[in-house]
Amino acid sequence: MVQHRVGYAPGVYDLFHVGHLNILRHARSQCDYLVAGVVSDEMAVLAKGHTPMVPLRERLEIVRSVRFVDAAFVETVPDKVETWQQVRFDVIFKGDDWRGTEKGKKLERDFADVGVEVVYFPYTVHTSSTQLRRALDVLVNRPGALSAP
């Protein structure tokens, strides 16, 4: 019997950009079946300190439509092992901004206990949702800017 390697790529995927696409592309190249974990608004607030600009339903639809993604899952708990109990993946993909950090080391320890590999991908430095959010804030808040209807 052939075993399939199931990968899991969690993210907020707000203001979807080429960095998100790169993560999903690289993740899919290292597994047979890729599940993208789209973080709920509540979880995004816990992790990032603000609500995503794009509503969850739309972020989920965007990610589901990416050809590298086989399934999308709404992530609603902060504990990745609890998410693993629901999704049952063999490898989790994270940006290398997690490597060597306390949260990255904890992730590695937690997943070593259940046999899940942690793979880090290069963080896309030139594009991020945080940078896009800052640029939008500047545009919206500058003097003379058009206000939203």
Assert yes or no for the condition that the ring centre distance of H20 to Y13 is strictly below 6.0 Å.
->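 Centroid separation for H20 and Y13: below 6.0 Å.
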
Flag the pair Y8 / F93 as yes when their ring centroid distance falls below 6.0 Å, and as no otherwise.
-> no

Would [X] end up clustered with [Y] when hydrophobic side chains under 4.5 Å apart are linked, directly or stepwise?
X    : Y   : value
V114 : V87 : yes
V63  : V35 : no
V69  : F73 : no
V81  : W98 : yes

Who pairs with [X] by side-chain contact (heavy atoms from CB on, under 4.5 Å), at least two apart in sequence or on another chain?
X    : result
R109 : K105, K106
D113 : none
A47  : none
L60  : V38, R64, A72, V74

In the hydrophobic clustering that connects Ile, Leu, Val, Met, Phe, Trp and Tyr at side-chain heavy-atom distances below 4.5 Å, which members other than L46 occupy its cluster, ordered by chain and number?
-> V12, V39, M43

Connected hydrophobic set around V45, excluding itself, where side chains approach under 4.5 Å | none

Evaluate side chain to side chain contact (heavy atoms under 4.5 Å, CB included) for E108 paired with Y120, printing each intermediate quantity in order.
-> CA-CA 11 Å; E108 292 169 22; Y120 296 102; 2.4 Å; yes

Not counting sequence neighbours, which residues clear salt bridge (charged side-chain N to carboxylate O under 4.0 Å, His left out) with [X]? List them please.
X    : result
E117 : R5
D41  : R59
K94  : none

Give the C-alpha distance, both sets of side-chain angles, the deciding distance and a yes or no for side chain to side chain contact (heavy atoms under 4.5 Å, CB included) between V54 and F16.
-> CA-CA 9 Å; V54 178; F16 197 88; over 6 Å; no

Just how far is it from atom OG1 of T51 to atom CG of L56, taken to the nearest 0.5 Å?
->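 Answer for the OG1-CG pair, T51 versus L56, is 11.5 Å.
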
Minimum heavy-atom distance between [X] and [Y], given as atom pair plus value:
X    : Y    : value
A27  : L34  : CB-CD1, 3.8 Å
L107 : V118 : CD2-CG1, 4.0 Å
A9   : L24  : CB-CD2, 4.0 Å

With sequence neighbours excluded, give me every side chain to side chain donor-acceptor pair (under 3.5 Å) pair touching residues 79-93.
-> E75-K80

Residues that F111 engages under ring pair (Phe, Tyr, Trp, His ring centres under 6.0 Å), provided they are two or more places apart = F89

State, with a plain yes or no, whether a side-chain heavy atom of V119 is found less than 4.5 Å away from one of Q30.
->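 Sidechains of Q30 and V119: in contact.
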
Less than 4.5 Å apart, any side-chain heavy atom of L21 and any of F68?
-> yes

Mind checking what makes side-chain hydrogen bond (donor to acceptor under 3.5 Å, both in side chains) contact with D70, not counting sequence neighbours?
->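 D70 satisfies side-chain hydrogen bond (donor to acceptor under 3.5 Å, both in side chains) with R28 only.
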
